[in-house]
Amino acid sequence: ARGAVRIRERILSVFGLIDRLTDVIGRAIAWLLPVMVAATLIIVVLRYAFSQGAIVLQEGVMYLHAVVFMLGIPYALKEDAHVRVDLLYSRLRPRGRALVDLVGHLLALLPVAAAMVIYSHGYVASSWRILEGSSEVGGIPGVFLLKTLIPLTALLLIVQGVGEIGRCLAQLRSGRG
């Protein structure tokens, strides 16, 4: 019994570590939002007040948007802020919700995230091989870095999905709700 308690405590500490990692990433990327807003404001002022374009700034906003969106997905999952068809889910008790979430994570989230890792590998690798850059003159030479967000996001989703599965199993085992 003592060994089982230790194993359970270790598993719970791993789930806590997963949540903390996702939290750190989510809070860090939140600081990119004011930067993105400021850059967008500068682009508008340059264009309409001075008739000047700013390719680097425009692409910078696109890069920031990609980082915020892609790395924010696991954080949204952790915070239960993701989009869900909520016709029946809201009427379920906590155990019913945990069961629906568990099935969804096992049958949808993990397989889709794994497919993202597998199928994006060649796409990202070929971009890294040529250090793919912007197609715009004077653009940011880091398209390969943007493409890297695809498998990175998928891996972070897998990790957070495992944490969510643990949370669902704990809810189901608790017997409450």
Side-chain angles (χ1 to χ4, degrees), residues 1-33 36 61-129 132 142-177:
R2 185 183 274 177
V5 170
R6 276 195 209 130
I7 291 171
R8 186 172 189 271
E9 287 173 358
R10 285 185 183 157
I11 290 171
L12 290 175
S13 72
V14 168
F15 293 148
L17 182 65
I18 289 169
D19 281 348
R20 285 192 300 280
L21 170 68
T22 302
D23 242 5
V24 165
I25 293 169
R27 293 179 191 284
I29 62 170
W31 284 100
L32 297 177
L33 293 170
M36 193 165 57
V61 169
M62 180 184 68
Y63 277 55
L64 289 171
H65 187 263
V67 169
V68 167
F69 181 78
M70 296 295 282
L71 297 183
I73 294 171
Y75 183 76
L77 177 64
K78 177 194 166 292
E79 294 296 319
D80 202 29
H82 54 289
V83 176
R84 166 189 293 128
V85 177
D86 201 359
L87 299 172
L88 301 174
Y89 187 84
S90 63
R91 296 179 186 159
L92 296 174
R93 292 184 169 176
R95 284 178 54 93
R97 290 180 185 179
L99 185 60
V100 168
D101 287 342
L102 178 64
V103 169
H105 296 324
L106 290 172
L107 298 181
L109 176 71
L110 293 183
V112 168
M116 285 173 63
V117 171
I118 293 165
Y119 292 113
S120 70
H121 179 266
Y123 178 69
V124 174
S126 66
S127 186
W128 270 86
R129 256 190 304 283
E132 185 178 2
V143 172
F144 64 100
L145 295 172
L146 278 182
K147 289 182 178 183
T148 303
L149 288 173
I150 299 167
L152 178 60
T153 296
L155 289 171
L156 290 171
L157 269 172
I158 289 168
V159 169
Q160 187 59 44
V162 167
E164 296 302 313
I165 287 168
R167 195 178 337 277
C168 292
L169 291 173
Q171 175 65 44
L172 291 170
R173 286 197 64 179
S174 75
R176 285 179 271 135

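Predicted, not measured: the structure shown is a model, and the values here were computed from it.
- Minimum interatomic distance between Leu102 and Leu169 (heavy atoms only, all atoms of both residues): CD2-CD2, 3.9 Å.
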**OP:** Go through Leu77 and Leu109 one step at a time and tell me if the side-chain contact (heavy atoms from CB on, under 4.5 Å) criterion holds.
**Re:** CA-CA 10 Å; Leu77 177 64; Leu109 176 71; 3.7 Å; yes
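- Annotation: side-chain hydrogen bond (donor to acceptor under 3.5 Å, both in side chains) contacts involving residues 102-111, sequence neighbours excluded, are absent.
- For the ring pair (Phe, Tyr, Trp, His ring centres under 6.0 Å) condition, the pairs that include at least one residue of residues 144-173, sequence neighbours left out, are Trp128-Phe144.
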**OP:** Take Thr22 and Leu156 through the side-chain contact (heavy atoms from CB on, under 4.5 Å) test and state the conclusion after the steps.
**Re:** CA-CA 8 Å; Thr22 302; Leu156 290 171; over 6 Å; no
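- In this view, Val61 and Met36, Ala39, Thr40, Ile43 satisfy the side chain to side chain contact (heavy atoms under 4.5 Å, CB included) rule, not counting sequence neighbours.
- Within the model, atoms NZ of Lys78 and CD1 of Ile25 stand 11.5 Å from one another, a figure rounded to the nearest 0.5 Å.
- Pairing each heavy atom of Val117 with each of Pro151, the nearest pair is CG2-O, 4.0 Å.
- Side chain of Ser127 to main chain of Val124: no donor-acceptor pair is present (N/O by atom type, distance under 3.5 Å, no hydrogens or angles).
- Taking the side chain to side chain contact (heavy atoms under 4.5 Å, CB included) definition, one finds that Ile150 meets it with Met70, Met116, Ser120, Tyr123, sequence neighbours left out.
- In this structure, Val24 has no side chain to side chain contact (heavy atoms under 4.5 Å, CB included) partners at least two apart in sequence or on a different chain.
- Considering every non-hydrogen atom in both Ala98 and Gln171, the closest pair reads CB-CG, 3.5 Å.
- Counting heavy atoms from C-beta outward, Leu110 and Ile165 have side chains that approach closer than 4.5 Å.
- Annotation: salt bridge (charged side-chain N to carboxylate O under 4.0 Å, His left out) contacts involving residues 146-155, sequence neighbours excluded, comprise Glu132-Lys147.
- Sorted by first then second residue, the salt bridge (charged side-chain N to carboxylate O under 4.0 Å, His left out) pairs that include residues 151-162, not counting sequence neighbours, number zero.
- Counting only residues at least two apart or on different chains, the salt bridge (charged side-chain N to carboxylate O under 4.0 Å, His left out) pairs with a member in residues 97-111 are Arg84-Asp101.
- Under the side-chain hydrogen bond (donor to acceptor under 3.5 Å, both in side chains) criterion, Thr153 pairs with no residue, sequence neighbours left out.
- For the salt bridge (Lys or Arg N to Asp or Glu O under 4.0 Å) test, residues two or more places apart in sequence or in another chain that qualify with Arg167 are Asp19, Glu164.
- Between Arg95 atom CZ and Cys168 atom SG the span is 12.0 Å, to the nearest 0.5 Å.
- For the side chain to side chain contact (heavy atoms under 4.5 Å, CB included) test, residues two or more places apart in sequence or in another chain that qualify with Leu32 are Ile29, Leu64, Val67, Val68.
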